[in-house]
K.L.:
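Dropping the structure in here first, questions after.
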Amino acid sequence: MIQKPRGTRDFLPDEMEARRSTEAKMREAVRRFGYREVCTPEFEDLELFTLRSGEGIMQEMYVFEDKGGRKLALRPEITAAVIRMYINEAKVAPKPLRWCYFADCFRYERPQKGRYRQFWQFGAELIGADTAMADAEVIMLASEALNATGVTWDLKVGHLAFMRNLLAGLEPAAQRRVMAHLDKKDFEGLAATLEGMGKSALNDSLTALVECRTLKEAFEIAGAIPEKDRVEQTMAILDAAGVTYSLNFGIARGLDYYTGMVFEGFAHNLGAENQILGGGAYRLAHLFGGDDVASCGFAIGFDRVMVSLGDAAPAKDTIAAIICTDEGRSFALAVARQFRAAGIRAEMDLMARGLGAQLARASKSADFAVVIGKREADAGQVTVKDLHSGEQKTLDPAAAVAEVKAYRTR
RNA sequence: GCCAGGGUAGGGUAGUCUGGUUAUCCUAAGGGGCUGUGGAUCCCUCGACCCGGGUUCAAAUCUCGGCCCUGGCCCCA
């Protein structure tokens, strides 16, 4: 038997309904902010991702060569592709651009809870706005999208300027190493690394910065940073918008291209892979040959949200089983068409079963049985049976449709 | 890449320690009895020891390797 590839999943109808339902909630949340969906190719030029993230990314990507000898990769994330698309297709569009996406990504990693080799991200990118309001809108948007799903989670917001200000005296490579320790809260490694650089003096202030939870403290620790007004404005807007968050200036996001505000979200009930949101302000377009446009965006780990939400069953369709004898079939087909035209899920027997067997079958899966035998067909009526209560009555087809339709709303 | 625990019909399981009958039970699925009112019952059917090597008269069982799953580490754009 052929197995599915490692780290991939099959989704049966129940699970797909739950996923689509959650997806719809997030889509609706960002739609209300004016974000419109875009779609980029499943695979891209390999360079798009190595330019952004360095050669190290190669180990974690699905890389292949096509028949023309082109080096391609399955997308490991969406942001780089969206910015590429912006440069290619929308450079002169009026700013700001508000875009969102829901797409699958591929990473060659060891699968575990909440981590798969094919996974879905729901995200948004705000391109061409470089203000506190822009930063705050993206955080609001991410917050609304996640809250709409019903998941319980924590939002942490930070800004790279504080850490960068403290580290201003270090080489870029050294900065990166220090920030990696901080992002992981690895204080022992941090102390050792700083000592190796002869910068142990920084240890206390960096540790204090990571631990501090108020803007006032952070400014005291990090000193005068040029972005002070912008940071204060951003947080004031979040407060005014009623966003629940905590400050965390240890967020480094592990990436060089983030330029300022950064944020992360963590689900309450997940294990090691509990980060369900990541985002921030960045500049990426210049890497791909475009203008140096300011952008801000986020990505939500959709699969982790689904794991966090658990197995709660989505609202089921009302199902009408159209049950008929041979004599009633022609009329039954017409009736089924009426039910479907009214938006009701109507299913007919395909197994050549008798009336009793069809009813037995319907009782397991349907809410109503619409029985059409010779008597009903001759009279132009149907017998509607509520399979939950057992009550039944004979009605005109239109009345039967109304009866079943009313069931949905009660 | 590393560590731990796993893998028996579609799903859930017993059996593995201590090798030995036709691999247990529940459920689901298909058919039959019935043929205009169901979930019952009865009968029948379908369907599994992850893959490969080794040990043995004999392997689901012991052993080695691989694959895959679950969780943790690492990493996480």
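Every heavy atom of this structure was used, including side-chain atoms; hydrogens, water molecules and symmetry mates were not.
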K.L.:
Against the six-membered ring of A:Phe119, is A:Arg107 placed for a cation-pi contact (under 6.0 Å from the centre, within 45° of the normal)?
P.N.:
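Ring-cation test returns no.
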
K.L.:
Please determine if A:Arg9 and A:Asp303 form a salt bridge, counting it only when a charged side-chain N lies under 4.0 Å from a carboxylate O.
P.N.:
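A:Asp303 and A:Arg9: salt-bridged.
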
K.L.:
Which part of the nucleic acid, if any, lies within contact of A:Ile78, taking any heavy atom under 4.0 Å across all strands shown: a base, the sugar-phosphate backbone alone, or nothing?
P.N.:
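Counting heavy atoms under 4.0 Å across all strands, no contact is made by A:Ile78.
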
K.L.:
Using the C1' atom as the point on both nucleotides, what is the distance between B:rC26 and B:rA9, in whole Å?
P.N.:
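To the nearest whole Å, 13 Å.
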
K.L.:
With distance as the sole criterion, do the side chain of A:Lys113 and the base of B:rU70 form a donor-acceptor contact below 3.5 Å?
P.N.:
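Not at all, since no donor on one side and acceptor on the other fall under 3.5 Å apart.
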
K.L.:
Taking atom C1' in both B:rG15 and B:rU21, what distance in whole Å separates the two?
P.N.:
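It works out to 14 Å between them.
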
K.L.:
In Watson-Crick or G-U wobble terms, both distances under 3.5 Å, what is the partner of B:rU70?
P.N.:
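The base-pairing partner of B:rU70, which may sit in any strand shown, is B:rA4.
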
K.L.:
Here's a test for you: under side-chain contact (heavy atoms from CB on, under 4.5 Å), which of A:Asp396, A:Val335, A:Ile344, A:Val382 qualifies with A:Val401?
P.N.:
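Between A:Val401 and the candidates, side-chain contact (heavy atoms from CB on, under 4.5 Å) is satisfied uniquely by A:Ile344.
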
K.L.:
Side chain of A:Met351 only, heavy atoms from C-beta on: which candidate in B:rG31, B:rA77, B:rC76 is closest?
P.N.:
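The nucleotide sitting nearest to the side chain is B:rG31.
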
K.L.:
Which nucleotide, in any strand shown, forms a Watson-Crick or G-U wobble pair with B:rA59, with both distances under 3.5 Å?
P.N.:
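WC or wobble partner does not exist here.
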
K.L.:
Taking atom P in both B:rA59 and B:rG53, compute the distance separating them and give it to the nearest angstrom.
P.N.:
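Going atom to atom, P in each nucleotide, I get 12 Å.
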
K.L.:
Students often get this wrong, so: under 4.0 angstrom with heavy atoms, is A:Arg375 touching a base, only sugar-phosphate, or nothing?
P.N.:
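Base, at least one base atom sits under 4.0 Å.
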
K.L.:
Start at the 5' end of RNA chain B and walk down; is the nucleotide closest to A:Thr79 or to A:Thr8 reached first?
P.N.:
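Mapping each residue to its closest nucleotide by heavy atoms, the 5'-most match is A:Thr8.
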
K.L.:
What is the distance, rounded to the nearest whole Å, between atom CZ of A:Arg110 and atom C1' of B:rG71?
P.N.:
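Rounded to whole Å, this separation is 9 Å.
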
K.L.:
Looking for any heavy atom pair under 4.0 Å, which part of the strands does A:Glu376 touch: base, sugar-phosphate only, or nothing?
P.N.:
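Contact class for A:Glu376: base.
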
K.L.:
Honestly, is A:Arg75 close enough over A:Phe49, meaning NZ or CZ under 6.0 Å from the six-membered ring centre and within 45° of the axis?
P.N.:
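No, a cation-pi geometry is absent between A:Arg75 and A:Phe49.
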
K.L.:
Between atom CZ in A:Arg304 and atom P in B:rA77, what is the gap in whole Å?
P.N.:
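Those two atoms, CZ and P, are 10 Å apart.
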
K.L.:
What integer number of Å spans the C1' atoms of B:rC69 and B:rG36?
P.N.:
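Pairwise C1' distance, B:rC69 against B:rG36, rounds to 50 Å.
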
K.L.:
Scan every strand shown for a Watson-Crick or G-U wobble partner of B:rG52, both distances under 3.5 Å, and answer none if you come up empty.
P.N.:
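Matched B:rG52 with B:rC64 under the 3.5 Å cut-off.
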
K.L.:
In whole angstrom, what separates A:Ile323's CD1 from B:rG39's P?
P.N.:
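One finds 13 Å between P of B:rG39 and CD1 of A:Ile323, rounded.
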
K.L.:
Can you figure out which of B:rG36, B:rC75, B:rA29 approaches the side chain of A:Glu109 most closely?
P.N.:
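When the side chain of A:Glu109 is considered, B:rC75 is the closest of B:rG36, B:rC75, B:rA29.
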
K.L.:
Decide, yes or no, whether a salt bridge links A:Arg31 with A:Glu28 under the criterion of side-chain N to carboxylate O below 4.0 Å.
P.N.:
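Looking at A:Glu28 together with A:Arg31, the answer is yes, because their closest N to O distance falls below 4.0 Å.
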
K.L.:
Using a 6.0 Å distance limit plus a 45 degree cone around the ring axis, check whether A:Lys156 lies over the aromatic ring of A:Phe266.
P.N.:
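Geometry flag: set, cation within 6.0 Å and 45°.
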
K.L.:
Quick check with a 6.0 Å cut-off and a 45 degree axis cone: is A:Arg304 positioned over the face of A:Trp153's six-membered ring?
P.N.:
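No, A:Arg304 does not sit over the ring of A:Trp153.
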
K.L.:
Describe the nucleic acid contact of A:Thr383 in one word from base, sugar-phosphate, nothing, applying a heavy-atom distance below 4.0 Å.
P.N.:
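The residue A:Thr383 makes base contact.
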
K.L.:
Write down the distance separating the C1' atoms in B:rU24 and B:rG66, rounded off to the nearest Å.
P.N.:
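One C1' to the other, the span is 30 Å.
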
K.L.:
So what does A:Gln358 hit on the nucleic acid, given a heavy-atom distance under 4.0 Å: a base, only sugar-phosphate, or nothing?
P.N.:
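Nothing, no heavy atom under 4.0 Å.
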
K.L.:
On a whole-Å scale, what distance lies between the P atoms belonging to B:rC25 and B:rU45?
P.N.:
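One P to the other, the span is 14 Å.
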
K.L.:
Go ahead and name the base partner of B:rA29; Watson-Crick or wobble counts if both distances stay under 3.5 Å, otherwise write none.
P.N.:
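By the stated definition (distances under 3.5 Å), B:rU45 pairs with B:rA29.
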
K.L.:
Measure distances between side-chain N and O atoms of A:Gln112 and base N and O atoms of B:rU70, and say whether any donor-acceptor pair falls under 3.5 Å.
P.N.:
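When only heavy-atom distances are counted, A:Gln112 does not reach the base of B:rU70 through any donor-acceptor pair under 3.5 Å.
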
K.L.:
Which nucleotide sits closest to the side chain of A:Glu60: B:rG1, B:rC75, B:rG30?
P.N.:
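That would be B:rC75.
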
K.L.:
How do A:Arg353 and A:Ile372 order along RNA chain B: which one's closest nucleotide is nearer the 5' end?
P.N.:
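Taking each residue's closest nucleotide, the earlier one in sequence belongs to A:Arg353.
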
K.L.:
Counting heavy atoms from C-beta on, name the nucleotide in B:rA29, B:rC68, B:rC76 closest to the side chain of A:Lys364.
P.N.:
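Nearest to the side chain of A:Lys364 among the choices is B:rA29.
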
K.L.:
Taking atom P in both B:rU8 and B:rA48, what distance in whole Å separates the two?
P.N.:
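It comes out at 13 Å once rounded to the nearest Å.
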
K.L.:
For a quick check of understanding: with a heavy-atom distance under 4.0 Å over all strands, which category does A:Gly7 fall into, base, sugar-phosphate or nothing?
P.N.:
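Sugar-phosphate contact only - A:Gly7 comes under 4.0 Å of backbone atoms but never of a base.
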
K.L.:
Name all residues meeting the salt bridge (Lys or Arg N to Asp or Glu O under 4.0 Å) criterion together with A:Arg117; count only those two or more places apart in sequence or in a different chain, and write none if there are none.
P.N.:
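Checked A:Arg117 against salt bridge (Lys or Arg N to Asp or Glu O under 4.0 Å); zero matches.
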
K.L.:
What's the CD1-P distance between A:Ile300 and B:rA77, to the nearest Å?
P.N.:
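After rounding, the gap between these two atoms is 16 Å.
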
K.L.:
Using whole Å, report how far CZ of A:Arg115 lies from C1' of B:rC69.
P.N.:
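Roughly 15 Å, once rounded to whole Å.
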
K.L.:
Please give the nucleotide sitting opposite B:rU21 as a Watson-Crick or G-U wobble pair, both distances under 3.5 Å, or none.
P.N.:
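Base-paired to nothing in any strand shown.
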
K.L.:
What's the CG-P distance between A:Leu355 and B:rG39, to the nearest Å?
P.N.:
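So the two atoms are 13 Å apart, to the nearest Å.
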
K.L.:
For B:rC43 and B:rG65, measure between their P atoms and round to the nearest Å.
P.N.:
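Each nucleotide's P atom is 49 Å from the other's.
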
K.L.:
Nearest whole angstrom, please: distance from the C1' of B:rC74 to the CD of A:Gln275.
P.N.:
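One finds 16 Å between C1' of B:rC74 and CD of A:Gln275, rounded.
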
K.L.:
Does a side-chain N or O of A:Arg9 approach OP1 or OP2 of B:rU70 to a distance below 4.0 Å, or not?
P.N.:
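Result: no.
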
K.L.:
Rounded to whole Å, please give me the gap between CZ in A:Phe298 and P in B:rC76.
P.N.:
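Roughly 22 Å, once rounded to whole Å.
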
